[in-house]
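Lettering of chains follows the sequences in order, A, B, ..., and the numbering in each one begins at 1.
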Amino acid sequence: MRFDAMTDAIGDTPLVRIDPAVHGLRHIDLYAKMELLNPFGSLKDRAAWNMLRPLVSPGGTVVELSSGNTAKALAVLAGMHGMRFRSVTNRMKVPEIKDLLLLLGADIEELPGQAECLDPTNTEDPLTRMYQQLGDGGYAHTDQYFNELNVDAHRHGTGPEIVKDLDGQAPDYFIACVGTAGSSTGVARALRQHNPDVRVVGLVAHKSDFIPGIRTIDEAHAVGLFDPESYDTVETITADDAIDGLLTLVRRCGTLAGPTGGGAYQGAVRHLRKIDAGLTERKTAVFIVCDRVESYLSYLRDRRPELFNRPPRAHDVRTVDAAEAKILDVAAAERWVAGRRGIVVDLRSPYAYQALHIDGAINIVDELFAELLHGGLPFSRRQPVLLVCPVGEKSAKYAALLTRMGHPEAHSLDGGVIAWRDAGAELVRD
Amino acid sequence: MTLSLSPRINEFVHSVLGETALLGRLVEALGSPLDIVLPEQAGRNVAAFRAVHAEHRLGGRIYFAHKANRSSALVRELAAGDAGIDVASLGELQHALGAGFTPDRIVATGPKNAAFLWLCARTSVLVHVDSAAEVAELGELVRARGLPPVRILLRLSEFAAPGVRTAARRSRFGVSPDGLESILDLAGKYAGHLEPVGVGFHLDTTALPEKAVALEGCLTALETCRRRGLRPWAIDAGGGFGVSYLADPAEWDDYTSALTEAVLGRRAPLTWNGHGYGLRNEGGTIGGSLGLYPAYRQVTGPAYLDQLLRTRAPGLGRPLGELLLDSMVDLHVEPGRALLDQCGLVLAKVLEVRDDPGGLIVRLDCNAGDVSTENHGVLMDPVAIPQREGPAEGAYLFGNLCLESDLITRRKVFLRGRPRAGDLLAFVNTAGYFMDFGATEALRQPIARKVALFRSDDAWQWCLDDQYWPLHRETA
Ligand SMILES: Cc1ncc(COP(=O)(O)O)c(C=O)c1O
Ligand SMILES: Cc1ncc(COP(=O)(O)O)c(C=O)c1O
């Protein structure tokens, strides 16, 4: 495989059979269209390139309302063709993707949240206003929610590839998530050309859920390419479904799918299980794995923190009782400090420490201090210490932990730096 | 299919709604519409905010944003507790002082005229200043009249986030952090007359990330103050903590989906004259955006504050609550709507019920200014008193003004059981902004009288709002 440009590597993704032992369907062969193997990481590479190709003009600026994969693909493509890329969005909720876009050189702007004190006369939404600005700005606007070239990328690419890989047959069922509706609409058109009886299932996010890349049913109605007639049924998936499916794909199927790939798998199996029970002949079904898992670690961490729990570590501050700490009140602490009896360790953030601290104190923020203690005492047992935090609660816990670790002279400032300030004791800046 | 939007009602309000005879007599005696306020609930709401401060070990005041309701009973009840008050006009300041708020518990916000500034300075309340011009005006006033020094908070706006730019809504109020040095220079000219004690903001947004950026921006601004030798100890995070109005998220989801379909013409209209609440049908695709307050919200009020404090500062990386505590900064807040959650209702009398081809018509003796939920984009069903039996019917609620637009809501409301003339409809949870904020005497229609309801001797007692003093409870 030798190419002149990365754009030539877009498309021709594998169609891979999911092991029946995993999905448990007895009469249906379930295949995944591995769009995550596109060069920039998602099915949007096809649409992005198909829409941008006629607009390429070096020196120009490409604009799109996108929160994720389209923006990523367009940013890369713009960079390859000497163009700038600008994205406006109110949906960018995944921090890794934001950072990636900044890394790719994209210029992104987020729209503000909804007003708390609503002005009902202001019905012009920010997106509409943005469209108006684009209209006369001389930008290359790819307009993914309305652009038929988005659909065509899949009608002439993704769809026919599936038919070819199924030996010239369309599958009996096709299941896909709906974002711009480009992929599901395009593939459905191609498949129905071969077999008008293909059953097409569109998957949208549950209304109270957020699944990055796809829309809720109400949001789908605001998409120009979305036509409910394109689907035999539109079903709902939750973020939980998406994550359950993602875990199955990444842990058992060698497929590093993102949440919508997981959602498509879960939605497909749920839909097909009901049909499977009544079947006597073999059927085939295809779903799309849209993109990769790596960009969604924080999304997963927020929703399933237990997946990321590390085993308990040594010297954990959560295991001690603050009552075991040696305490110094402000007056005693002032004498301790004035007599230079040891080091003062200020556990607050560097920002707060630099603003004002006890003279002579060193700053080790609590998160870092906890990290150091996992490895053992970071100073000698002969070195007396006075720990300081805002109100004396955290410092007491750490002092108790140091005592348990065998340190004979670890103290905590009672009432913390706030008590110290309120007693009129000296605080300095450097 | 009926599309209910059942209001969230706590036990306390539930018990008020059960007093059908009392409510009927009150409307008979005092007229329709009638505002009912529940001062004790406001006290409980303050306690819930306090608990968040305590949980995060933070100091600072819960200032009630008076603008949300004109009631004396609510303000006097809060004066009896440990809340502060945020006043935004001369009249509100006079009212707060007269209700028992001492100046150390008052902050003045919003646009101010000379008389307002003078009374602020004369009584030594904290002034949240909006602009350089206001700093100069206040400084001159204090100097020229020989008044005691005034503590000021500098209101900031247009905070910049690290990483991705946010196109924040423009604000009429506050100076950008870039302008901080020059406004401090100006305040410095009035040293001895003006004492900057902190900075603040009020952002009109439901979005937590924007508030996180603002809070961190304030921490940065305090550092700027300290570098100049000032010792400010306070950040005022304004209001905007929100209220969840509905009991059931599924009802909200169903309603908004149905509205979308109705706008697209896929089902019968759900609104008067096909009003779309901001949505438009653009050739089969939805255009515009839904101009409605998110009536069901998962995290509001004290829980919203808690979540904000647990949010990591976008730049400094540490949770904002810990950064504030580390820095020994007091966090003031100015909730209006959230402090009045479940604190009142508006009663309106049914004048006429008739059938119309488009649905039932229920004409009420009140207008859209008396129950201004619609004007604030909040959709929730009224509670019928008494509750009649019968199938649900879609009804339009007409007001008492001779205006085509005077509908209490343009939404068709599905009432369980057909009300009769003389019945009451209770619009619950309207104390925050929907009661008297927009009420007018147009057409010489009366403005609602206000009544305070409170528990005493194990029963509901009432008095006129301006007769209420927080004395009915036995002292422990
Ligand atoms: C991760 C992910 N999944 C699914 C989709 C949906 O694809 P389409 O826009 O073609 O409907 C998108 C589109 O943005 C996406 O980014
Ligand atoms: C300065 C200020 N503080 C507080 C509030 C109260 O806001 P909310 O009622 O949304 O809490 C407002 C509302 O307009 C305000 O302008």
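For the atom pair B/D326 CG and A/Y353 OH, the distance stands at 13.5 Å (nearest 0.5 Å). B/M328 contributes atom CE, which lies 4.5 Å from atom CZ of A/R348 (distance to the nearest 0.5 angstrom).
Contact annotation for A/I418: both backbone and side-chain heavy atoms come within less than 4.5 Å of a heavy atom of chain B. In this structure, chain B has a heavy atom under 4.5 Å from the backbone of A/L347, while its side chain stays farther away. Heavy-atom distances place no part of A/P350 under 4.5 Å from chain B, backbone and side chain included. In this structure, chain A has a heavy atom under 4.5 Å from the side chain of B/R266, while its backbone stays farther away. B/L316 touches chain A through its side chain: at least one heavy atom from C-beta onward sits under 4.5 Å away, while N, CA, C and O do not.
Close approach to chain B, defined as a heavy atom under 4.5 Å from one of its heavy atoms, is seen in A/P390, A/V391, A/E393, A/K394 of residues 390-398 of chain A, taken by number.
Across all non-hydrogen atoms, the minimal contact from A/S349 to B/L323 is OG-CD2, 3.3 Å.
Between chain B and the residues A/I217, A/D218, A/V223, the largest count of heavy-atom pairs under 4.5 Å involves A/D218.
Side-chain contact check for A/H221 versus B/V263: every heavy-atom pair is 4.5 Å or farther apart.
Taking the ring pair (Phe, Tyr, Trp, His ring centres under 6.0 Å) definition, one finds that A/F85 meets it with nothing, sequence neighbours left out.
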